[in-house]
Chemist: 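I have a structure here, written as structure tokens, and I will follow up with some questions on it.
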Amino acid sequence: MKKRDDLDFNEFEKILKEKLAHIEDNIAQLKSELDSVGSDDGINDMEDLASLHSLSDKDNIILHQQEHELTETIHALGKIRNGTFGICEKSAKLIPVERLRVNPIARTKVGVED
């Protein structure tokens, strides 16, 4: 498979590395919040306890989403290193630059069947 020559790989690598740092910060913050919620034994009020559990559930969902995004970002950085960034994983066609600018972790182009 031929490497794309219409992309500035350095630009996308910079974008992805910034995204990676931001996601890692988010994950660290979420884990810290979840740890503090889990260790708060001084709550006696049932409403406060229910509210904390609700926040904990939401934080766990967001944490899972952020961990998935982390995996996808690392995958995209790997594709830059191996020269397959911007190439659809299903059709081997080029993913439009506009799509990559909006979603640099895109694995496929929209409308793969074209």
Side-chain angles (χ1 to χ4, degrees):
M1 181 178 312
K2 185 178 167 189
K3 185 176 179 178
R4 290 184 70 157
D5 59 2
D6 64 332
L7 293 178
D8 180 354
F9 289 100
N10 291 329
E11 172 191 354
F12 282 100
E13 184 175 29
K14 181 182 177 200
I15 290 167
L16 288 164
K17 284 183 175 179
E18 288 172 0
K19 182 180 182 77
L20 184 67
H22 182 71
I23 293 168
E24 289 172 336
D25 288 345
N26 286 348
I27 288 173
Q29 182 178 356
L30 284 163
K31 286 183 175 180
S32 175
E33 288 175 14
L34 286 167
D35 286 345
S36 70
V37 168
S39 65
D40 200 346
D41 296 328
I43 297 178
N44 296 324
D45 185 88
M46 291 304 284
E47 288 179 23
D48 288 343
L49 189 59
S51 177
L52 276 178
H53 283 293
S54 176
L55 286 174
S56 176
D57 290 344
K58 289 176 186 173
D59 279 351
N60 272 313
I61 290 168
I62 294 169
L63 178 62
H64 178 72
Q65 290 170 337
Q66 288 290 286
E67 287 173 337
H68 175 73
E69 190 136 346
L70 177 72
T71 301
E72 292 299 306
T73 303
I74 291 169
H75 179 78
L77 283 166
K79 290 177 72 169
I80 286 176
R81 283 189 288 279
N82 71 22
T84 60
F85 181 79
I87 299 171
C88 179
E89 293 180 6
K90 291 185 178 179
S91 70
K93 294 181 180 181
L94 301 183
I95 298 172
V97 176
E98 299 80 27
R99 174 162 166 72
L100 293 171
R101 290 201 190 287
V102 172
N103 184 15
I105 62 174
R107 289 179 177 243
T108 60
K109 66 178 280 191
V110 177
V112 173
E113 55 281 337
D114 321 40

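Residues: numbered from 1 along the sequence shown. Quick caveat: nothing in here was measured; it's all calculated off a predicted structure.
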Chemist: If you look at every heavy atom in D59 and L30, which pair is closest and at what distance?
Modeler: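 For D59 and L30, the tightest heavy-atom pair comes out as OD1-CD2, 3.7 Å.
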Chemist: A side-chain contact here means heavy atoms from C-beta on lying under 4.5 Å apart; do I61 and Q65 qualify?
Modeler: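 Answer yes - side chains close enough.
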Chemist: At what distance, to the nearest 0.5 angstrom, does CD1 of I105 lie from CG of L77?
Modeler: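 Reported value, rounded in 0.5 Å steps: 10.5 Å.
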Chemist: Considering non-hydrogen atoms only, spot the tightest contact between I15 and P104 and give its length.
Modeler: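 Where I15 meets P104 most closely, the heavy atoms are CG2-CG, 4.0 Å.
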Chemist: Does any non-hydrogen side-chain atom of I87 lie less than 4.5 Å from one of I95?
Modeler: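 Answer no - side chains too far apart.
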Chemist: Could you work out, with salt bridge (charged side-chain N to carboxylate O under 4.0 Å, His left out) as the rule, every residue matching R99, not counting sequence neighbours?
Modeler: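 Checked R99 against salt bridge (charged side-chain N to carboxylate O under 4.0 Å, His left out); zero matches.
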Chemist: Under a 4.5 Å cut-off applied to non-hydrogen side-chain atoms, are H75 and E89 in contact?
Modeler: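 They are in contact (side-chain heavy atoms under 4.5 Å apart), so the answer is yes.
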Chemist: To the closest 0.5 Å, what do you measure between CG (D57) and CD1 (I62)?
Modeler: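 Between atom CG of D57 and atom CD1 of I62 there are 11.0 Å.
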Chemist: Can you tell me how far the NZ atom of K3 sits from the OG1 atom of T84, to the nearest 0.5 Å?
Modeler: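 K3 NZ to T84 OG1: 10.0 Å, rounded to 0.5 Å.
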Chemist: If you measure from NE2 on H22 to CD on Q66, what distance do you get to the nearest 0.5 Å?
Modeler: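 Nearest 0.5 Å value for the NE2-CD distance: 6.5 Å.
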Chemist: For C88 versus K109, what's the shortest heavy-atom pair and its separation?
Modeler: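 The answer is SG-N, 3.6 Å.
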Chemist: Got a sec, which residues hit salt bridge (charged side-chain N to carboxylate O under 4.0 Å, His left out) with D5, two or more places apart in sequence or on another chain?
Modeler: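 Per chain and number, D5 pairs via salt bridge (charged side-chain N to carboxylate O under 4.0 Å, His left out) with no residue.
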Chemist: Does a salt bridge link E33 with K58, judged by any charged N lying under 4.0 Å from a carboxylate O?
Modeler: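 No, no charged N to carboxylate O under 4.0 Å.
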Chemist: About how many Å separate CD1 of I27 and NZ of K31, when rounded to the nearest 0.5 Å?
Modeler: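 Output value for this atom pair is 6.5 Å.
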Chemist: Of all heavy-atom pairs between L16 and A76, which one has the smallest distance, and what is that distance?
Modeler: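 In terms of heavy atoms, the two residues are closest at CD1-CB, 3.8 Å.
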Chemist: Side chains of E72 and I23, heavy atoms from C-beta outward: is any pair under 4.5 Å?
Modeler: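 Side-chain contact under 4.5 Å: no.
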Chemist: Apply the salt bridge (Lys or Arg N to Asp or Glu O under 4.0 Å) test between K19 and each candidate in E13, E24, E69; give the one that qualifies.
Modeler: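 That would be E69.
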Chemist: Specify whether F9 and F85 have parallel, tilted or perpendicular ring planes, treating 30° as the upper limit for parallel and 60° as the lower limit for perpendicular.
Modeler: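 Taking F85 first and then F9, their aromatic rings stand perpendicular (interplane angle over 60°).
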Chemist: Rounded at 0.5 Å granularity, tell me how far CG in L94 sits from CG in L100.
Modeler: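 So the gap between those two atoms works out to 9.5 Å.
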